[in-house]
Asks: 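Can you keep this structure in mind? I'll have questions shortly.
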Amino acid sequence: MTSKHSENDHLRDQVTLLRAAVDAGTAALAEAEARLQAERDLVDRLQAVGQRLTSQLDMDALVQDATDAATQATGAAFGAFFYNVVNERGEAYTLYTLSGAPREAFSSFPMPRNTAVFGPTFAGEGVVRSDDITADARYGQNAPYKGMPAGHLPLRSYLAVPVVSATSREVLGGFFFGHPEPGQFTGRHEQLAVGIAGYAAIALDNARLFAMQRNTAVELQRSMLPTIDPVPGFEIASKYLPAATGSEVGGDWLDVISLPGRRTAFVMGDVMGRGVGAAAVMGQIRTAVRAYAALDLPPDEVMRHVSDLARTMPGHQFITCVYAVHDPVNSTLSYANAGHLPPAIVAPDGTVTFLRERLGLPLRIGTRFLQRQVDFPPGSGLALYTDGLVERRDRPVDDGIDELGHALRELATRPDTEADVACDKLIHQLTGGHYDDDVALLYARNTHPDSVLAIQPLTASPTTAAEARRFIRNALTAWQLEHVTDQAITVATELISNAVRHTQTPLQLRLHYFHDRLVIDVSDRDSRIPRRREPTPGVPGHRGLVLVEALTDRWGTRPIIDGKIVWAELVVPAAAPTDESS
């Protein structure tokens with residue numbers, strides 16, 4: 001009986017030991033599983049933060065997101081990220097973001113220096129973690145504070161992690177976390193902070209490289225765009241905004257070109273595609289337009305010559321362009337359009353008309369371009385633009401043009417001096433501040449120039465020159481410009497004599513006075529261009545244009561539909577004051 005009882009006791013003891021071993025093994029397995037799950041959670045958490053950070057290219061959004069994520073992951077009461085940036089002039093400086101505390105809490109304090117506490121982080125030497133930083137031997141050595149500056153948030157637990165580039169080993173910045181209670185940061189918190197710092201370093205490298213490439217591309221684009229100088233008689237606002245995404249330069253351009261006779265050319269163009277190739281083509285086309293404009297060719301001829309040139313250039317990009325010339329003498333706008341979006345004319349009463357007629361195919365493709373003329377009296381406005389302003393993924397181009405029409409009507413009601421600010425608001429209204437493509441806008445308003453015009457018909461009669469002299473004297477007397485009468489009569493006589501002698505078909509003489517310039521032009525029905533020749537001693541002739549050149553600021557010719565115009569421009573000095581006592 002006793003032996004059987006002993007065997008039962010022994011069996012129970014064995015079962016108890018076995019159960020204990022099983023329980024211990026189960027607990028160990030559960031603990032190991034918990035550790036593995038914690039590691040998986042750590043990896044998953046870091047991966048989620050890393051994917052978010054490394055896909056972000058906006059520097060401000062990136063550093064704030066990294067600071068918020070790291071502060072939350074470590075359980076810090078507040079956290080900061082100090083990071084180094086280099087501006088476009090190569091100057092380096094430090095910025096910072098905060099999480100868990102308002103910026104005002106630190107705004108009165110100086111930037112951290114390489115003290116014994118901060119130095120290891122800024123030098124990239126490693127992590128600094130302290131259960132109570134106030135008890136650390138390195139604490140309190142920073143004169144003049146000898147500790148925390150007055151008004152600083154209470155701080156005991158301290159964790160600092162450097163952010164170091166994996167490629168250049170450059171210290172990009174550092175994370176700093178604090179808590180008012182001691183012993184708050186564990187090894188796991190350190191792991192999380194180090195992991196986020198690693199992803200932040202990769203993201204910062206990417207963002208800095210993107211910013212550098214983008215700044216280079218934008219600077220290249222801007223260097224190719226002209227400076228729009230003031231034009232008498234016009235209020236001009238020009239805007240070029242590069243796309244918010246992508247680092248490659250675009251091919252949009254705009255231009256304003258002063259022409260003889262106080263005429264002004266307005267240009268807008270777009271080379272399809274992006275990259276240096278598109279920018280190079282854009283630069284060549286813009287220069288070509290300026291060169292042909294300097295020849296004083298009409299818009300359709302400018303487009304034809306530029307298209308011919310474009311066909312000799314490498315590449316296959318579509319190139320659209322609109323070229324419009326304002327003539328203050330007859331208050332008109334003559335234009336040619338090579339496949340570009342329709343220009344908008346804003347009448348003085350605010351009515352908006354889009355010139356939708358297609359006048360030619362894009363440059364390089366088109367060989368013939370039509371020219372049209374519309375009235376453009378004082379108070380009128382012209383708007384030229386590229387597709388980045390009116391086209392979006394969720395909005396067809398036609399809808400965008402309709403929206404532009406409504407916005408231009410509102411723009412027409414604003415004073416001329418507000419055109420620049422109003423164009424900024426117009427662009428924001430149409431794009432919402434997001435530019436998937438480059439945006440270019442040129443708005444020019446005719447601001448009631450103080451000019452006068454006089455016209456005299458001409459014939460081939462022997463009395464034409466005498467009649468013209470009387471006409472000029474009467475006109476300049478009425479305009480109180482008697483002090484330039486003799487000079488103007490001499491110039492006009494030479495122009496009329498050339499028209500009668502060489503063409504037999506003079507049409508009219510025009511005098512146009514604006515601001516400080518007097519333009520004299522004579523039209524005829526002959527397309528041959530007069531050329532200045534050096535006179536030969538003892539040989540009559542060839543002195544007329546030499547005399548015109550000597551008496552005027554500049555002269556030239558330009559073709560018209562049925563012939564040409566020969567013009568000369570005089571600078572009109574202020575009349576000498578009269579001596580009333582004499």
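Hydrogens, waters and symmetry mates play no part in the numbers below; they use all other heavy atoms, side chains included.
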Asks: According to the side chain to side chain donor-acceptor pair (under 3.5 Å) rule, which pairs have a member within residues 347-359, sequence neighbours left out?
Replies: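 Output for this query lists D349-T351, E357-R372.
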
Asks: Less than 4.5 Å apart, side chain to side chain, heavy atoms only: is that true for P343 and F266?
Replies: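 A side-chain contact under 4.5 Å is absent here.
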
Asks: Are any of the side-chain heavy atoms of C321 and I285 separated by less than 4.5 Å?
Replies: no

Asks: Would you say S307's side chain and R364's backbone share a donor-acceptor pair under 3.5 angstrom?
Replies: yes

Asks: Measure from the side-chain N and O atoms of R392 to the backbone N and O of L430, and report whether any donor-acceptor pair falls under 3.5 Å.
Replies: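 Between the backbone of L430 and the side chain of R392 there is a qualifying donor-acceptor contact (under 3.5 Å).
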
Asks: Spell out, as yes or no, whether a donor-acceptor pair under 3.5 Å connects the side chain of H340 to the backbone of P362.
Replies: no

Asks: State, with a plain yes or no, whether a side-chain heavy atom of V231 is found less than 4.5 Å away from one of V256.
Replies: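 V231 vs V256: side chains touch.
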
Asks: Taking side chain to side chain contact (heavy atoms under 4.5 Å, CB included) as the criterion, tell me which of I345, V325, D327, N330 meets it with F376.
Replies: I345

Asks: Do you know which two heavy atoms are closest between T459 and T464, and how far apart they sit?
Replies: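 Scanning both residues completely, I find the closest heavy atoms to be O-OG1, 2.7 Å.
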
Asks: How far does CD1 of I489 sit from CD1 of I472, to the nearest 0.5 angstrom?
Replies: 5.5 Å

Asks: Any side chain to side chain donor-acceptor pair (under 3.5 Å) pairs touching residues 422-431, not counting sequence neighbours?
Replies: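 Every pair satisfying side chain to side chain donor-acceptor pair (under 3.5 Å) with a residue in residues 422-431: K239-D424.
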
Asks: Are any of the side-chain heavy atoms of L545 and E494 separated by less than 4.5 Å?
Replies: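 A side-chain contact under 4.5 Å is absent here.
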
Asks: Please identify each residue that fulfils ring pair (Phe, Tyr, Trp, His ring centres under 6.0 Å) with Y443, with sequence neighbours left out.
Replies: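 So Y443 forms no ring pair (Phe, Tyr, Trp, His ring centres under 6.0 Å) with any residue.
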
Asks: Any side-chain heavy atom of I401 within less than 4.5 Å of one from P342?
Replies: yes

Asks: Does R368 have any side chain to side chain donor-acceptor pair (under 3.5 Å) partners at least two apart in sequence or in another chain, and if so, which?
Replies: none

Asks: Atom CG in L507, atom CG in L509: separation rounded to 0.5 Å?
Replies: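 That separation rounds to 11.5 Å.
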
Asks: Test salt bridge (Lys or Arg N to Asp or Glu O under 4.0 Å) on D521 and R510; report intermediate values, then the result.
Replies: CA-CA 5 Å; D521 69 48; R510 295 192 306 183; 3.1 Å; yes

Asks: Can a donor-acceptor pair be found, under 3.5 Å and without considering hydrogens, that links the side chain of E301 to the backbone of L297?
Replies: no

Asks: Any idea which heavy atoms bring P328 and H512 closest together, and the distance?
Replies: CG-CE1, 3.7 Å

Asks: Kindly compute the distance separating CG (D486) from CZ (R469), expressed to the nearest 0.5 Å.
Replies: 11.5 Å

Asks: Evaluate the criterion side chain to side chain contact (heavy atoms under 4.5 Å, CB included) for residue pair T386 and L341; output intermediate values, then yes/no.
Replies: CA-CA 7 Å; T386 56; L341 293 169; 5.7 Å; no

Asks: Taking only residues two or more places apart in sequence or in another chain, which ones pass ring pair (Phe, Tyr, Trp, His ring centres under 6.0 Å) with H305?
Replies: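 Residues passing ring pair (Phe, Tyr, Trp, His ring centres under 6.0 Å) with H305: Y292.
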
Asks: Quick one: are V374 and Y335 in side-chain contact, heavy atoms under 4.5 Å?
Replies: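 Side-chain contact under 4.5 Å: yes.
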
Asks: Ignoring hydrogens, what is the shortest heavy-atom contact between G388 and V439? Give both atom names and the distance.
Replies: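 That closest heavy-atom pairing would be O-CG2, 3.5 Å.
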
Asks: Any heavy-atom pair between the side chains of P299 and Q371 that's under 4.5 Å?
Replies: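 The answer is yes; the side chains approach within 4.5 Å.
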
Asks: Run the ring pair (Phe, Tyr, Trp, His ring centres under 6.0 Å) test against Y513 and tell me which residues pass, sequence neighbours left out.
Replies: none

Asks: Between T447 and G233, is there a donor-acceptor pair closer than 3.5 Å when you use the side chain of the first and the backbone of the second?
Replies: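 Yes, the answer is positive, given that a donor and an acceptor are paired below the 3.5 Å cut-off.
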
Asks: Can you pull out every ring pair (Phe, Tyr, Trp, His ring centres under 6.0 Å) where at least one residue sits in residues 345-365? Sequence neighbours excluded, please.
Replies: none

Asks: Going from CG on D229 to OG on S258, what distance comes out if it is rounded to the nearest 0.5 angstrom?
Replies: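 Separation between the atoms: 7.5 Å.
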
Asks: Run the side chain to side chain contact (heavy atoms under 4.5 Å, CB included) test on L426 and L404 for me, step by step, so that the C-alpha distance in whole Å, both residues' side-chain angles and the decisive distance to 0.1 Å come before the verdict.
Replies: CA-CA 8 Å; L426 182 151; L404 174 61; 3.8 Å; yes

Asks: Apply salt bridge (charged side-chain N to carboxylate O under 4.0 Å, His left out) to E549 and list each qualifying residue two or more places apart in sequence or on a separate chain.
Replies: R532

Asks: Could you pull out the closest heavy-atom pair between S523 and I565, with the gap in Å?
Replies: CB-CG1, 3.8 Å

Asks: Side chain to side chain contact (heavy atoms under 4.5 Å, CB included) between L411 and C423: does it pass, once the steps are laid out?
Replies: CA-CA 8 Å; L411 179 61; C423 283; 4.2 Å; yes

Asks: Taking the side chain as C-beta and beyond, is there a heavy-atom pair between L458 and V522 under 4.5 Å?
Replies: yes

Asks: Looking at every heavy atom in both L476 and L518, which two are closest together, and how far apart are they?
Replies: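 L476 and L518 have their closest heavy atoms at CD2-CD2, 4.1 Å.
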
Asks: Taking side chain to side chain donor-acceptor pair (under 3.5 Å) as the test, write out the residues that go with T493, two or more places apart.
Replies: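 Side chain to side chain donor-acceptor pair (under 3.5 Å) check on T493 returns nothing, list empty.
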
Asks: Run the side-chain contact (heavy atoms from CB on, under 4.5 Å) test against E569 and tell me which residues pass, sequence neighbours left out.
Replies: R517, V519, D553, R554, W567

Asks: Looking at D516 and R262, is any side-chain nitrogen of the basic one under 4.0 Å from a carboxylate oxygen of the acidic one?
Replies: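 Here R262 pairs with D516 in a salt bridge, since their nearest N and O are under 4.0 Å apart.
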
Asks: Rounded to the nearest 0.5 Å, what separation is found between the CG atom of D255 and the CG atom of L442?
Replies: 9.0 Å

Asks: Who are the salt bridge (charged side-chain N to carboxylate O under 4.0 Å, His left out) partners of D562, not counting sequence neighbours?
Replies: R525

Asks: So, the side chain of T503 versus the backbone of V500: is there a donor-acceptor pair under 3.5 Å, distance only?
Replies: no

Asks: If we check side chain to side chain donor-acceptor pair (under 3.5 Å) with S334, which of these qualifies: Q373, R263, H326?
Replies: Q373

Asks: Tell me whether R528 contacts the main-chain N or O of H502 through its side chain, where contact means a donor paired with an acceptor under 3.5 Å.
Replies: yes

Asks: Tell me whether the count of non-hydrogen atoms from other residues, nucleotides or ligands lying under 6.0 Å of CZ in R409 goes above 12.
Replies: yes

Asks: I need the minimum non-hydrogen distance between A338 and L363, along with the two atoms involved.
Replies: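 Answer, listing the atom of A338 first, then L363: CB-CD2, 3.7 Å.
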
Asks: side-chain contact (heavy atoms from CB on, under 4.5 Å) with T463: which residues, sequence neighbours excluded?
Replies: S461, E467

Asks: Check the pair I228, I236 against side chain to side chain contact (heavy atoms under 4.5 Å, CB included), reporting the backbone distance first and the verdict last.
Replies: CA-CA 8 Å; I228 306 300; I236 297 176; 4.0 Å; yes

Asks: Using modelled atom types only, decide if a donor and an acceptor are shared between the side chain of H483 and the backbone of P573 within a distance under 3.5 Å.
Replies: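 Yes.
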
Asks: Would you compute the distance between atom CD of Q284 and atom OG1 of T312 and round it to the nearest 0.5 angstrom?
Replies: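 One gets 8.5 Å once the value is rounded to the nearest 0.5 Å.
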
Asks: Does a donor on one side chain and an acceptor on the other come within less than 3.5 Å for T477 and E482?
Replies: no

Asks: Would you say the side-chain atoms of D252 and Y240 include a donor-acceptor pair closer than 3.5 Å?
Replies: no

Asks: Is the backbone N or O of A61 less than 3.5 Å from a side-chain atom of D65, with the two atoms forming a donor-acceptor pair by type?
Replies: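 Looks like no, no N/O pair under 3.5 Å.
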
